[in-house]
Structure formats: structure tokens, C-alpha cells
Asker: 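What follows is a structure written as C-alpha cells; I'll ask about it next.
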Amino acid sequence: GDSVTQMEGPVTLSEEACLTINCTYTATGYPSLFWYVQYPGEGLQLLLKATKADDKGSNKGFEATYRKETTSFHLEKGSVQVSDSAVYFCALRSTGNQFYFGTGTSLTVIP
Amino acid sequence: DAGVTQSPTHLIKTRGQHVTLRCSPISGHKSVSWYQQVLGQGPQFIFQYYEKEERGRGNFPDRFSARQFPNYSSELNVNALLLGDSALYLCASSLAPGQGIYEQYFGPGTRLTVT
């Protein structure tokens with residue numbers, strides 16, 4: 001069945017370091033892919049999305065490219081800030097209209 | 001505008017009991033989805049409703065059911081509660097389901113504890 005595998009955490013980085021959180025998926029057909037973020041004490045928020053192969057989603061300095069050949073949707077940011085500390089979830093929406101989330105990666109950015 | 005609202009915030013139930021969780025979507029949104037998030041894991045999809053009809057169902061037993069009302073609010077019902085049903089239950093709303101542009105807005109969740 002469809003699934004999402006996400007890089008295990010927690011991840012701790014210094015401010016201005018580069019971030020990559022790996023996400024790979026298994027799906028039939030052409031799913032849509034998402035990254036959600038959950039800041040401390042807040043609900044899940046959509047960070048970025050991509051709906052077809054080679055699409056690049058971007059928001060708040062974060063980027064992820066839908067790679068069908070490697071079934072990946074890795075989240076990247078060139079320079080993280082303390083305010084980026086949160087839990088990040090990779091997710092897919094299948095062609096059968098079901099949603100699958102990864103287990104989440106906790107990111108802590110230290111000054 | 002108000003975001004997605006859920007009630008109650010917290011709930012404690014005993015094994016074997018029944019529970020009803022409620023969700024009000026963002027004004028203008030016609031689709032509601034329900035998720036179960038066990039501590040330390042990602043949300044697991046339970047149901048999606050659109051225009052009062054079920055449009056998607058995850059891998060959950062028949063003890064879980066839901067419905068959507070004419071005002072697009074929704075209820076999630078769980079019968080014969082088990083200890084393993086203890087989780088944060090999230091509701092998300094969107095304008096409509098469908099391929100292409102699709103964005104869900106999540107509520108704060110209802111924390112259910114089964115003892």
C-alpha cells in the first residue's frame with residue numbers, strides 16, 4: 001500500500017546551518033506530496049506542496065522537489081533560524097484520496 | 001475568520017464506552033477530514049467527507065464512523081473504546097477535495113484518553 005518514510009529525528013542544528021530532511025514515498029499512480037509543520041503549542045500547518053513530478057514547492061525559505069525517479073520529496077533550507085524549530089511531517093495524498101503522513105522529524109535550532 | 005474548531009479539547013473515557021468528537025470547518029469549506037495521531041507518530045487518515053458524503057476512508061475498524069451535516073460540520077464517533085484508541089484526533093477542512101490545488105487547515109485536536 002501507499003506509505004511515506006521520513007528521516008528519523010531529532011535533528012539539532014546551529015543557526016544558519018543547512019537543513020535536509022529526507023522523505024521517500026511508495027504509491028501507485030501520481031500522488032500529491034506535502035510538507036506540514038507543527039510549531040510548539042500549535043496545530044499542523046501546510047508548509048509546501050507539489051502535485052506532479054518535477055514540481056518544486058517552496059515557502060519561508062524551505063524547498064522540496066517532487067522526484068518521481070527516486071520517489072523522494074526531501075525538505076531543504078539553506079540557512080535555518082531558531083524560529084524554524086518545530087516538528088516536520090512529510091505526507092502524500094494518494095490517487096484514491098487517502099492521506100499518508102510520515103512519523104515526523106523534530107528540528108531544534110540553537111543560537 | 002475563525003479557523004477549524006474542535007470540541008471538546010480533552011476527554012477521558014472508559015474502555016467499552018462510546019465517544020463523539022465534533023468539528024466545525026472554516027467558513028466556506030465543504031470538505032472535512034479526520035485523523036488519529038498517536039503520541040510520537042504522524043497523523044493517520046480516518047475519513048474524508050465532502051458535501052455530506054464519504055469520499056475517503058483509511059484503514060480503521062467499523063467502530064469508527066463519521067458524518068457531515070448540512071452546515072458542513074462533522075462528528076466522529078467511536079464505539080466500544082479500546083485503550084489503543086487513546087490519541088489526539090485532528091480535524092482538517094478544505095474548500096473541496098480533488099487533484100491539483102488542495103490545502104487542508106487543521107484544528108487544534110481533541111485529546112482522547114481511554115482508561
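All chains are named by letter (A, B, ...) in the order of the sequence lines, taking the proteins before the strands, and each is independently numbered beginning at 1.
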Asker: Counting only heavy atoms closer than 4.5 Å, note whether A:Q38 contacts chain B via side chain, backbone, both or neither.
Answerer: side chain
Asker: Using a cut-off of under 4.5 Å for heavy-atom pairs, which of B:G107, B:P108, B:P43 has the most such pairs with chain A?
Answerer: B:P43
Asker: State, without any angle test, whether B:T20 and B:E75 hold a side-chain donor-acceptor pair at a distance under 3.5 Å.
Answerer: no
Asker: Under 4.0 Å between a Lys/Arg side-chain N and an Asp/Glu carboxylate O for B:D85 and B:R63?
Answerer: yes
Asker: Quick one: what part of B:L88 sits under 4.5 Å from any heavy atom of chain A, side chain, backbone, both or neither?
Answerer: neither
Asker: Check each atom of B:Q41 against the heavy atoms of chain A and say whether the ones under 4.5 Å are side chain, backbone, both or neither.
Answerer: backbone
Asker: Applying the ring pair (Phe, Tyr, Trp, His ring centres under 6.0 Å) criterion to A:Y36, which one of A:F101, A:Y88, A:F89 satisfies it?
Answerer: A:F101
Asker: How far does CG of B:L112 sit from NZ of B:K13, to the nearest 0.5 angstrom?
Answerer: 9.0 Å
